[in-house]
Amino acid sequence: MFAKIRSATLHGIDALIVNVEIDLAKGLPGWQIVGLPETMIKESKERVAAAIRNSGYELASRKTTINLAPADIKKHGTAFDLPIAVGLLSATGMYAPEKTKGWLIAGELSLNGGLAPVPGIISFALAAREARLHGIIVPMANMREALIVNGISVIGVNNLTEIVAFLKDDVTPNQALSATAHILQAHSVDFSDVKGQQMAKRAMEIAAAGNHHVVLHGPPGTGKTMLAERLPTILPPLDYEEALEATRIYSLFGLINREEPLITVRPFRAPHHSASYAGLVGGGCGIPKPGEISLAHNGVLFMDELPEFRKDVIESLRQPLESARVHICRSGSSLTYPARFMFVGAMNPCKCGYFGHPTKPCICGIGEIQRYRRKLSGPLLDRIDLQVSVPPVTTAHLQSSEVGEASQVIRSRVLAARKRQSERYKNKRIKYNSQLGVRELKEFCRLDSAGVAFLGKLIDKMNLSARAYDRIIRVSRTIADIEGKEQITTEHLLEAAQYRGLDREIY
Ligand SMILES: Nc1ncnc2c1ncn2[C@@H]1O[C@H](COP(=O)(O)OP(=O)(O)O)[C@@H](O)[C@H]1O
Ligand SMILES: [Mg+2]
């Protein structure tokens with residue numbers, strides 16, 4: 001007697017389909033699980049046997065072989081409990097084999113036959129949809145998560161008895177309501193809280209509009225952290241695909257609310273400067289965990305006090321800033337996680353914080369200042385389009401009752417600029433100005449003769465690198481888009497050239 005049930009296992013962010021094959025043969029009663037199972041799967045044997053007995057069914061006293069195919073992929077996790085149990089009961093003839101056909105089944109059993117949620121259900125549902133299966137049967141606690149994926153049936157079950165009733169007698173348990181993907185954005189902070197700092201606010205608007213990475217630098221207490229924390233309030237809301245991608249990553253490690261699983265607010269991750277390499281990039285023992293940079297996917301990664309981070313941690317940003325993904329290598333295998341985030345860094349100009357301050361003296365030596373700033377390498381800074389000076393605000397400014405522009409007003413300009421970009425790049429693989437490479441810069445950022453002359457002078461005067469030159473053009477493209485202009489003018493270039501303070505001061 002034979003049964004085949006479909007399930008899946010996680011490999012990085014993807015789920016790979018696994019066939020759970022069960023064969024009951026004559027011979028000494030006993031169980032064997034083959035197909036590279038890890039310890040966790042061996043333990044599943046005990047849980048499955050107890051769950052079947054405690055649900056009032058009988059285990060066949062036969063020689064039982066369970067094969068998890070294909071054998072060459074490494075499997076882990078407890079999600080195979082349910083497909084194994086369902087397969088065992090199917091092999092004994094409890095229900096017709098066609099009943100399980102077309103379903104991907106996953107879930108962890110407890111000894112009494114109840115079901116516990118498993119991580120990565122969104123990836124499982126996506127794999128089922130890709131394999132053109134009819135649907136997915138999951139523990140009740142995972143049902144809402146699975147429902148986020150459109151175009152696939154979802155059945156949530158509380159225990160083994162419910163799934164048997166479904167397969168044997170067509171009793172449908174808790175039929176899935178369709179997913180309600182409300183994308184809400186609620187923020188407790190607002191740009192109107194920030195007084196003065198017109199130029200820095202303008203830079204944040206440009207960053208949001210063109211999806212440019214930013215570094216804010218200036219003495220302590222000038223509002224750098226405040227500005228960074230308010231960035232999400234002017235970014236466009238997540239669209240469904242972005243929300244799904246983000247939720248999928250959080251789902252892998254159970255970092256979601258099971259009642260309201262869809263992540264609807266743009267991720268904003270702010271790791272502490274004591275963060276380890278694995279904490280930021282991902283890794284660790286067992287299944288490699290995604291790091292902060294993947295949890296910031298489709299959102300913002302904010303690194304406050306940037307030079308206080310470890311050098312290797314800072315340098316690890318280079319790959320994701322370039323390719324929007326991160327590779328984690330572990331014992332011979334390599335996993336790739338998505339990491340497309342907007343980077344925001346904040347830093348003081350030196351260790352004491354007062355280098356270049358108009359009134360307070362800096363107590364750092366020149367060597368110290370250089371060491372502090374060299375934490376950010378040239379190649380890393382090359383990837384950060386906006387380097388913004390945040391000067392001290394006067395007491396008068398701080399005490400004034402002025403109310404700055406509200407986030408909502410700024411966001412409407414950001415949205416209009418984004419729309420221009422998505423129309424311009426609709427036949428391209430890029431979405432925003434920050435992604436403009438050398439070729440696209442030529443195609444979409446033609447300068448008029450005054451602009452060419454202006455930049456020529458700037459290069460001579462400031463000794464600009466080719467990369468810095470490209471950054472100025474990218475940023476000016478966004479400034480022109482905010483103004484609703486197709487032609488980049490000298491004015492746009494002039495403004496863009498101001499946001500590169502760091503390389504001017506350091507190198
Ligand atoms: N431009 C500003 N407008 C209003 N409040 C400010 C401003 N700058 C600083 N503050 C006040 O000072 C505190 C510290 O600001 P913060 O953003 O942490 O400065 P930084 O990160 O530059 O050291 C804030 O919580 C806020 O109360
Ligand atoms: Mg701060």
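Owing to the predicted nature of the structure, the values given are computational and were not obtained by experimental measurement. Both ligands and their constituent atoms are indexed starting at 1 by order of listing.
Between the side chains of Arg266 and Asn298, not a single donor N or O lies within less than 3.5 Å of an accepting N or O. Residues Gln197 and Thr222 bring no donor and acceptor atom of their side chains to less than 3.5 Å of each other. Side chains of Asn150 and Arg129: a donor-acceptor N/O pair is absent below 3.5 angstrom, by distance only.
Closest non-hydrogen pair, Val414 versus Pro236, comes out as CG1-CD, 4.3 Å. Contact between Ser294 and Ile249 at its shortest, heavy atoms only, is O-CD1, 3.5 Å.
One N or O on the side chain of Thr247 and one on the backbone of Ile263 form a donor-acceptor pair closer than 3.5 Å. Side-chain N or O atoms of Glu205 include none that pairs as donor or acceptor with a backbone N or O of Lys201 at under 3.5 Å. Distance alone, capped at 3.5 Å, places no donor-acceptor pair between the Glu229 side chain and the Phe302 backbone.
By the ring pair (Phe, Tyr, Trp, His ring centres under 6.0 Å) test, Tyr372 pairs with no residue at all, sequence neighbours left out.
Counting heavy atoms from C-beta outward, Arg413 and Glu483 have side chains that stay 4.5 Å or more apart. Pro358 has its side chain within reach of Pro392: a pair of non-hydrogen atoms, C-beta onward, lies under 4.5 Å apart.
Shown here, atom 26 (C) of ligand 1 is in close reach of the protein: a heavy atom of it lies under 4.0 Å off. Note that atom 8 (N) of ligand 1 has protein non-hydrogen atoms nearby, at separations under 4.0 angstrom.
By the 3.5 Å distance cut-off applied to N or O atoms, Met226 is counted among the residues near ligand 1. No N or O atom of Gln197 sits closer than 3.5 Å to an N or O atom of ligand 1. Checking only distances, Gly223 does come within under 3.5 Å of ligand 1, N or O to N or O.
Residue-and-atom listing of protein N/O/S atoms under 2.8 Å from the Mg ion (ligand 2), sorted by chain and number: Thr225 OG1.
Taking atom 23 (O) of ligand 1 as the reference point, the nearest protein heavy-atom neighbour is Gly221 N, 2.7 Å. In terms of protein heavy-atom proximity, atom 1 (N) of ligand 1 is nearest to Lys195 O, 2.8 Å.
When Thr225, Leu227, Val393 are ranked by how near their heavy atoms come to atom 21 (O) of ligand 1, first place goes to Thr225.
None of Gln487, Arg474, Arg477 except one satisfies the side-chain contact (heavy atoms from CB on, under 4.5 Å) rule with Cys445; the exception is Arg477.
Under a 4.0 angstrom heavy-atom cut-off, Pro220 registers as being in contact with ligand 1. The shortest heavy-atom distance from Asp193 to ligand 1 is under 4.0 Å.
Neither the backbone nor the side chain of Asp304 comes within 4.0 Å of ligand 1, counting heavy atoms alone.
Close approach of ligand 1 to Val194 is summarised as follows: ligand atoms under 4.0 Å from at least one heavy atom of the residue are 1 (N), 3 (N).
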